[in-house]
2 protein chains.
Amino acid sequence: MASRSTQILEAAARMIARRGVRGLRVEELAAEAGVSTGLIYYHFKDRTGILRHTLAFINDRAARYTQDRPAGAEPLGPREELEHALLLELQDTPEVEENSSAWGELRASAVFEPVLREDLARATLVWVQEIAALLGRVHPLSPAAALAAAAERLTALVEGLSMRWLSGGLAIDHARTLLKEAVATELGHLEAARNS
Amino acid sequence: MASRSTQILEAAARMIARRGVRGLRVEELAAEAGVSTGLIYYHFKDRTGILRHTLAFINDRAARYTQDRPAGAEPLGPREELEHALLLELQDTPEVEENSSAWGELRASAVFEPVLREDLARATLVWVQEIAALLGRVHPLSPAAALAAAAERLTALVEGLSMRWLSGGLAIDHARTLLKEAVATELGHLEAARNS
DNA sequence: GTCTATAGTCAGATAGAC
DNA sequence: GTCTATCTGACTATAGAC
């Protein structure tokens, strides 16, 4: 099932989350994945190739855990679903922390590695649209532009809070509280705009 | 006036903004600063020492341009001052872009370099308190905790937007618009909370 | 305090066998 | 597809003269 290259990408996500993009050593990655360095270059061409494919890999994985709802769970209301979707990225479970940490690293690296930008921009857009759609289910009458702007703010806030959490300055519980309040604030704003 | 070590730190901020922390080469830094590598190690001990001092340096510099208002400018109202303070970090003038970019890099690096965390946390706290104070001047009756939370959200949002801007996915004008709306949203929320 | 020269290390990448 | 062995270049850090 898990092909060799998948195995390498899983290890790469792990290593990036643990040591950062800057700390990613191809030889170390090889050890972690249980393969040789030669094989890594065979599959991904060079260091940048590893990063590009790892970015795609964590996006797929995030898309998967975003949509998976536990089988027995009762269906959530639109508002709960929105909160749930945003809070997903601020959890200190190993899988999510790994994804958030790697995502943050890749975002930061993209400032100086243009090859990463396009994929990152695409993935961000998908995320923003997903949140905008959820906002639209809470406030169906709000104009699309207002929903999109709110979604951009909320997702950018998640990234900002996530960075602070991971860099040690902000407790995860507090980050989650701040985010929930931001959701309330944005929803209140959409409400108010509609009634004017 | 500009001592040798200041000269080196100015160059370091420039290099980090241009190439990132990972891309900072001591030899390149030496060339940029017009000194030898030996001198850099003499002043800053090692690569980490360079990073730590550069972080302190850009904080001081940001504190300076935050407080400097042009001499002839008419005094701003509290609301305008708040917006002004937040938008400061989202400008594409060379000096600010350099500071924002270096700040973002150092923030991202701190996830994996514990030595940077303490200074970063302290600097963040100062910034948050400054914004909270400005919020308090707009809404003097709001409880301190609400002001602090709003300030944390707004500053985290600035960092999130700044990252997206620098990594190429978000136009600066749009980032500024989103931030202005966020200020309005947060102020509206403080207002609403007071009337309940 | 400042420079020059260099030691020592390590990481990215490739060649070639299997 | 996968591994072993290795090359080459680059970068940090130090020693020692001035």
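Within every chain, numbering begins at 1; the chains are lettered A, B, ... in the order of the sequence lines, protein sequences first and strands thereafter.
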For a quick check under 3.5 Å, do B:Arg107 and B:Thr124 share a side-chain donor-acceptor pair by atom type? yes
Please list, by residue number, the residues of residues 43-52 of chain A whose heavy atoms come closer than 4.0 Å to an atom of DNA chain C; answer none if no residue qualifies. A:Asp46, A:Arg47
Partner residues of B:Asn59 under the side-chain hydrogen bond (donor to acceptor under 3.5 Å, both in side chains) criterion, sequence neighbours left out: none
Atom-to-atom span, CD of A:Glu27 to P of C:dC10 - whole angstrom: 10 Å
Taking only residues two or more places apart in sequence, or in another chain, which ones meet A:His174 in a side-chain hydrogen bond (donor to acceptor under 3.5 Å, both in side chains)? B:Glu152
Measuring to OP1 and OP2 of C:dA13, would you say a side-chain N or O of A:Tyr41 lies under 4.0 angstrom away? yes
With sequence neighbours excluded, tell me which residues meet side-chain hydrogen bond (donor to acceptor under 3.5 Å, both in side chains) with B:Thr155. A:Arg164
Segment of DNA chain D, first to last nucleotide, that comes within the 4.0 Å heavy-atom reach of chain B: D:dC11 to D:dT14
Atom pair distance, as rounded to whole Å: CG in A:Leu29 and C1' in C:dA11: 13 Å
If you look at every strand shown and take non-hydrogen atoms under 4.0 Å, does A:Ile40 touch a base, only sugar-phosphate, or nothing? nothing
Kindly state each residue pair satisfying side chain to side chain donor-acceptor pair (under 3.5 Å) with at least one member in residues 35-49 of chain A, sequence neighbours excluded. none
List the residues meeting side-chain contact (heavy atoms from CB on, under 4.5 Å) with B:Met15, not counting sequence neighbours, and say none if there are none. B:Arg18, B:Arg19, B:Leu24, B:Glu28, B:Leu29, B:Glu32
Got a sec, which residues hit salt bridge (charged side-chain N to carboxylate O under 4.0 Å, His left out) with B:Arg61, two or more places apart in sequence or on another chain? B:Glu98
Residues forming a ring-ring contact (aromatic ring centres under 6.0 Å, His included) with B:His53, sequence neighbours excluded: B:Phe44
